[in-house]
Amino acid sequence: MHYPAKPYLCGVMSEKKVRVRFAPSPTGGLHLGGVRTVLFNYLFAKKHGGDFILRIEDTDQSRYVAGAEQYILECLNWCSLKPDESPVVGGPYAPYRQSERKPLYREYAERLIAQGHAYYAFDTPEELDLKRKDIANFQYGHAHRMSMRNSLSLPMHEVEQLLHNGTPHVIRIKMPDDETISFNDMIRGYVSFETAQVDDKVILKADGMPTYHLAVVVDDYLMKITHAFRGEEWLPSAPVHLLLWEYLGWKDEMPQWAHLPLILKPDGHGKLSKRDGARLGFPVYAMSWTDPKTGEITQGFRELGFLPEAFVNLLAMLGWNDGTDQEIFTLDELVEKFSIDRISKAGAKFDFEKAKWYNAEWIKNSSADQLKLKVAEVLHGKGITIINEDYLIKIIDTVKDRCVLLADFYQQAGYFFKMPVDYDINAVKPKWTLSKTEFFTELKNALSYSETFEPNDLEARFKALAEEKSLKLGEVMLPFRIMLVGGKFGPHVFDIASLLGEAETLRRIDKALEVFTA
RNA sequence: GGCCCGUUCGUCUAGGGGUUAGGACGUUAGAUUUUCAUUCUAGAAACAGGGGUUCGAUUCCCCUACGGGCUACCA
């Protein structure tokens, strides 16, 4: 059986309004690959004037984690990828939590049984384990289903008795013995499978909840999803979904599938996981996540000091490009330029160095005004309270080119608000001389004999005094910097002095002199 | 093991039957900056292998190798 590709009309999308969904399972922090899936969903929807829906796939009650759903919502909000319909904003196809749609699924599963496309199975987990141990490569499928305890193998009266007694059971799809199922993936093109290789997946669990397989089909249908994006790890179960769409009689309304390439570990191989972040020293989650049970905190991109614009930008470039050399994109530009046929097929190893480069670019290209709130927050976290916004703006403008992460603003701007406590004493002390003490003592007068406190003026006075004292500029510039900043970094030293102002500059010279000559 | 997907510099990728195989990150060297960073210039660095098809394959086809995914009453 072949499911032909519907014509994929890029930008035309005449017949139906585009509707896509992101359907995470609320089991913990949101992985960067998850955010990329959201992003591609969102970009595709917005590009085609469609809707982006958030649906919570919480069908596994044993894996439910408190707070995870709220966390996901916050992530989307932080990235500005706001759903048009979701458990919180609601929508015409509510509820958007599968746990709240539970009663709905059984009916469809029963319908499949009535049609002979599914069956009850009474095997206990223990029995299944045993079989798997007994028979190498055991698959619950055409080869073994008749030797299991289910409504296909058992006499009808026995099945009725078991059901009547409320015996725990699941419902499994009955895969055809020997068919070829194929479809046209928007990213991969023609893909095909032999049904004989696929097992009879459980579609309704003993607790009455559907598994992903049933839930995704029923909800995508009911929610009128037109295009389904998901990670490549779902490709092997696609034939189950395809068959379900057909058996339920909805084949003509099946969404077009797009299986996204995976994001891989930077070293070695395999899917990128939370553990890799901890091991290699970079975040994997969008935002910090605290495990409610263990209290363990996993740091996220947001808390490490990434701008959401940069995060979205770098994620978009992991597996997609617009065909030009452009690498920095705003969300709006991405929406405008996004196209599925420019998504690559191969998985991408995550490169944290490049990720940081994106953030540095975004910081450099942002205005001080755009950054001020975030920088103020960073400084505030270090005990610095901003009282003069104009001052902060000027400082951001002079230091933002040297910051890669927002947190760097503390190192790069903190000394504008706080006199240095620790000095890079080794850079000055060994070469300190009495004439330097003299120089700086007199420098205070030299600098204060002026109505202005402009960099050029300060520099001229500084140089004149150095010459007068027969000191090489290099001998006193660095000490001056360390007096004001504490270390060997920062913008031009006279810019710093100018920004600091006369009183503060003189104060720092005094204080540092004490330390240097002690 | 079986099935499915994939393979261009270290990494992300552009390209596509005839190209000096392009860009970016990182890296190396130099310039600028009397700190550091930014910036600028230059350099090293890739079509997995073997068969076809073809006048010609990195590009199309097949095989192999390698990598990845799946193989739960998890998603």
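Chain naming here is simple, since letters A, B, ... match the order of the sequence lines and numbering starts at 1 in each.
Ionic pairing of A:Lys354 and A:Glu327 is present here: one or more N-O contacts between side-chain nitrogen and carboxylate oxygen are shorter than 4.0 angstrom. Salt-bridge formation is detected for the pair A:Asp457/A:Arg461: a Lys NZ or Arg NE/NH1/NH2 atom is positioned less than 4.0 Å from an Asp or Glu carboxylate oxygen. Under a 4.0 Å N-O distance rule, the pair A:Lys463/A:Glu467 does not qualify as a salt bridge.
In this structure, A:Tyr358 has its ring center at least 6.0 angstrom away from the ring center of A:Phe329.
Taking the P atoms as reference points, B:U38 lies 15 Å from B:A29, given to the whole Å. The separation of B:U33 from B:U39, taken at their C1' atoms, amounts to 10 Å, rounded to a whole angstrom. The gap from the P atom of B:C55 to that of B:A65 amounts to 31 Å, rounded to the nearest Å. Spacing between B:U27 and B:C12 at atom C1', rounded to whole Å, works out to 16 Å. Here, B:C62 and B:G23 have their C1' atoms 33 Å apart, quoted to the whole Å. Comparing the same atom, P, in B:U20 and in B:C4 gives a spacing of 40 Å after rounding to whole Å. The gap from the C1' atom of B:C9 to that of B:C25 amounts to 12 Å, rounded to the nearest Å.
Using a 4.0 Å heavy-atom distance criterion, A:Ser192 is classed as a sugar-phosphate-only contact. Here A:Pro491 lies in heavy-atom contact (under 4.0 Å) with a base. Residue A:Ala348 is classed as a sugar-phosphate contact, given heavy-atom separations below 4.0 Å to backbone atoms only.
Within the 4.0 Å cut-off from OP1 or OP2 of B:C73, at least one side-chain nitrogen or oxygen of A:Arg172 is found. Dashed line: the shortest gap from a side-chain N or O of A:Thr27 to OP1 or OP2 of B:C74 is not under 4.0 Å. A sub-4.0 Å separation between OP1 or OP2 of B:G1 and a side-chain N or O of A:Asn137 is absent. Between A:Lys205 and B:A75 there is a side-chain N or O to OP1 or OP2 distance below 4.0 Å. Considering only side-chain N and O atoms, A:Thr211 lies nowhere under 4.0 angstrom from the phosphate OP1 or OP2 of B:C73. Contact between the side-chain N/O atoms of A:Lys349 and the OP1/OP2 oxygens of B:U11 is found at a separation under 4.0 Å.
Judged purely by atom type and a 3.5 angstrom limit, A:Thr195 has no side-chain atom pairing as donor or acceptor with the backbone of A:Met175. Side chain of A:Ser344 to main chain of A:Gly319: a donor-acceptor pair is present (N/O by atom type, distance under 3.5 Å, no hydrogens or angles). Formation of a donor-acceptor pair under 3.5 Å by the A:Asp185 side chain with backbone atoms of A:His259 is found in this model.
Distance from the side chain of A:Arg481 is smallest to B:U35 among B:A75, B:C25, B:U35.
Ring planes of A:Phe462 and A:Phe439: perpendicular class, angle over 60° (limits at 30 and 60°).
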* Before giving the answer on salt bridge (Lys or Arg N to Asp or Glu O under 4.0 Å), spell out for A:Asp207 and A:Lys102 the whole-Å C-alpha distance, their side-chain angles and the decisive distance to 0.1 Å. => CA-CA 10 Å; A:Asp207 64 2; A:Lys102 180 177 175 184; 5.6 Å; no
Listed pairs, N/O of protein and of nucleotides 39-46 of chain B, under 3.5 Å:
from: B:U39; atom 1: OP1; to: A:Lys364; atom 2: NZ; distance (Å): 2.9

For nucleotides 31-33 of chain B, print each protein N/O atom paired with a nucleotide N/O atom at under 3.5 Å, atom names and distance only.
none

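Put simply, the side chain of A:Met223 reaches to within 4.5 Å of the side chain of A:Tyr96, judged on heavy atoms.
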